[in-house]
2 protein chains.
Amino acid sequence: MRSAEFDREQVLRAAITAFMTKGYSKTSMQDLKKVTGLHPGSIYCAFKNKQGLLLAALEQYNEDKANEFTHYFSGNTQVLTGVKSYLNCTVSACSQDGPQKNCLSQKALNELAEQEPLVEQVIAQNMKQWQERFVAIFEQALLNGEINNSRTPKQRVQSLVMGIYGLRTYAQTDPQIEVLNELANQLFDDVTR
Amino acid sequence: MRSAEFDREQVLRAAITAFMTKGYSKTSMQDLKKVTGLHPGSIYCAFKNKQGLLLAALEQYNEDKANEFTHYFSGNTQVLTGVKSYLNCTVSACSQDGPQKNCLSQKALNELAEQEPLVEQVIAQNMKQWQERFVAIFEQALLNGEINNSRTPKQRVQSLVMGIYGLRTYAQTDPQIEVLNELANQLFDDVTR
DNA sequence: AAAGTTCTTGAATGATCGTTCAAGATTGTT
DNA sequence: AACAATCTTGAACGATCATTCAAGAACTTT
């Protein structure tokens, strides 16, 4: 046996950045060869094809986001403080230039929904997981008495994730950080009221 | 002189539908030939190239949306009633299948932002116009006493359009009409509170 | 160190892409 | 009716696309 020479995570992160900046369709295999350092044959051997690479990249992205998420809520401070700082982080990411202002799942969903059912399904699943992590957080907030039960945690989270999707789209037309911060603060207030 | 034989609006509406269903990159000139009934040469003569056709389609789309908008607020009923029915219409569009569940501006923005500056600029302008139409509506609502001045009309509208962007994205992962209606109702309450 | 296995390489493939343009068709003018 | 002007047609173009695969390189085992 001989093990592969490339670092899978490193390759996937490079692919993630490429897909986030240029989108799936406009990212050619030549681009992917350049950023991953892998020759076409290796890519096809490891991921079957371009779509397979996207699916693997989405999986990696989901994992990274899950780790990031737990990082925000690992401390034993108030739960809502974590939500607030999560939103602040999202805003500052959106207001910057560069690839990180986007979300791979959201961008790929917009591009490929109803065109690539498998991809759509995987993204929907990832987003559902993300949403469920938030629900767990808000259920804890309810137990802590940080929020009341005028709306269920799930209802609040649905509004929250909808708001974050909207925030990212809004930021693409108007990346003023003050406006985005105001929007995020208002969203926080509405969701925790 | 000899006038063109095709109906420009008809061609643009066909292009709009095509771009909305498959996205810009994945809509080939062959597709466009098929749906518009125009041969490549005619398309290039009338719109210069594929991007020119997209720009023309975006312009037509913006015009159509503006007309649709005034339709919702032309009656002399309460302003907020119009907002509510606008949201209901958006929800039912999102929950359906087919091309109309998307918004051409939003989809193209997600696909082409930071890749095609000219397209991005035109879309940002269209979205700004859409937002300004809403601001005028909310200023009227303020005069009518339908909303208070705890937030400015502009602030309310920023939250509203952000919410609508988010609603459309949310609908792509979970098109249950009950959930979307609940989200839209909550958005309405938050924005008019 | 030789053989066997697995991975890497990158040129080649056929398909499809956006785009062009010269020839044909149609209309308006004289 | 003949000519000029303009539009339509669709085959052809080079470029680029995702993908393949046979040959070479590198590692493991004997």
Side-chain angles (χ1 to χ4, degrees), chain A residues 1-58 104 107-108 111-112 115-120 122, chain B residues 1-58 104 107-108 111-112 115-120 122:
Chain A
M1 257 305 217
R2 180 186 166 201
S3 59
E5 291 182 359
F6 61 88
D7 179 349
R8 188 182 160 92
E9 283 198 16
Q10 193 175 317
V11 164
L12 288 180
R13 299 239 167 74
I16 288 171
T17 305
F19 286 140
M20 274 169 62
T21 36
K22 302 192 74 174
Y24 177 70
S25 292
K26 288 209 162 179
T27 304
S28 67
M29 288 304 298
Q30 275 208 40
D31 294 331
L32 291 169
K33 176 189 166 186
K34 198 175 295 175
V35 299
T36 62
L38 258 52
H39 292 248
S42 299
I43 294 180
Y44 280 80
C45 177
F47 305 103
K48 179 167 186 182
N49 54 23
K50 190 184 169 188
Q51 177 175 306
L53 179 56
L54 174 65
L55 291 171
L58 283 167
L104 180 62
K107 190 166 172 80
E111 183 178 347
L112 301 175
Q115 289 294 312
E116 303 280 349
L118 180 55
V119 176
E120 184 176 1
V122 168
Chain B
M1 259 302 222
R2 183 189 164 198
S3 58
E5 290 183 358
F6 62 89
D7 179 347
R8 187 182 161 92
E9 283 197 17
Q10 193 174 317
V11 164
L12 289 179
R13 297 239 167 74
I16 288 171
T17 304
F19 286 141
M20 273 172 45
T21 34
K22 302 193 72 173
Y24 176 70
S25 291
K26 288 208 162 179
T27 303
S28 66
M29 288 303 299
Q30 275 207 43
D31 294 330
L32 291 169
K33 175 189 167 186
K34 198 175 295 175
V35 298
T36 62
L38 258 52
H39 292 249
S42 299
I43 294 180
Y44 280 80
C45 177
F47 305 103
K48 175 162 188 186
N49 53 23
K50 190 185 170 189
Q51 176 175 307
L53 179 55
L54 174 65
L55 290 171
L58 283 167
L104 179 62
K107 189 165 173 80
E111 183 178 348
L112 301 175
Q115 290 292 314
E116 303 280 349
L118 179 57
V119 175
E120 184 176 1
V122 168

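Naming: A, B, ... by sequence-line order, numbering from 1 per chain.
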Q: Whole Å only: how far is the NZ atom of B/K26 from the P atom of D/dC17?
A: 15 Å
Q: Nearest-nucleotide wise, let me know which of A/S42 and B/S42 is further upstream toward the 5' end of DNA chain D.
A: B/S42
Q: Under 4.5 Å between any side-chain heavy atoms of B/V35 and B/T17, yes or no?
A: no
Q: In the structure I gave you, are the side-chain heavy atoms of B/Q51 and B/L118 within less than 4.5 Å of one another anywhere?
A: yes
Q: Nearest whole Å is fine: how far is D/dA18 C1' from A/Y24 OH?
A: 9 Å
Q: Expressed in angstrom and rounded to an integer, what is the separation of B/D31 atom CG from C/dC17 atom C1'?
A: 11 Å
Q: Could you state the atom-to-atom distance from NZ of A/K33 to C1' of C/dA11 in whole Å?
A: 10 Å
Q: Does A/Y44 put a side-chain nitrogen or oxygen below 4.0 Å from OP1 or OP2 of D/dT19?
A: yes
Q: Does A/S28 reach a base, just sugar-phosphate, or nothing at all? Heavy atoms under 4.0 Å.
A: sugar-phosphate
Q: Just the rounded figure in Å: distance from P of D/dG10 to CE of B/M29.
A: 15 Å
Q: Is NZ or CZ of A/K50 both nearer than 6.0 Å to the six-membered ring centre of A/Y24 and within 45° of the ring axis?
A: yes
Q: Atom CG of A/L32 and atom P of D/dT19: how far apart are they, to the nearest Å?
A: 11 Å
Q: Toward the 5' end of DNA chain D, which comes first, A/G41 or A/S25, by nearest nucleotide?
A: A/S25
Q: What is the separation between atom CD on B/E116 and atom C1' on C/dG18, rounded to the nearest whole Å?
A: 13 Å
Q: I'd like to check A/T36 versus A/L12 (side-chain heavy atoms, cut-off strictly below 4.5 Å). Are they in contact?
A: no
Q: Kindly say if B/H39 contacts the phosphate of D/dT8, meaning a side-chain N or O under 4.0 Å from OP1 or OP2.
A: no
Q: Without decimals, in angstroms, what is the distance between A/F6 CZ and C/dT8 C1'?
A: 11 Å
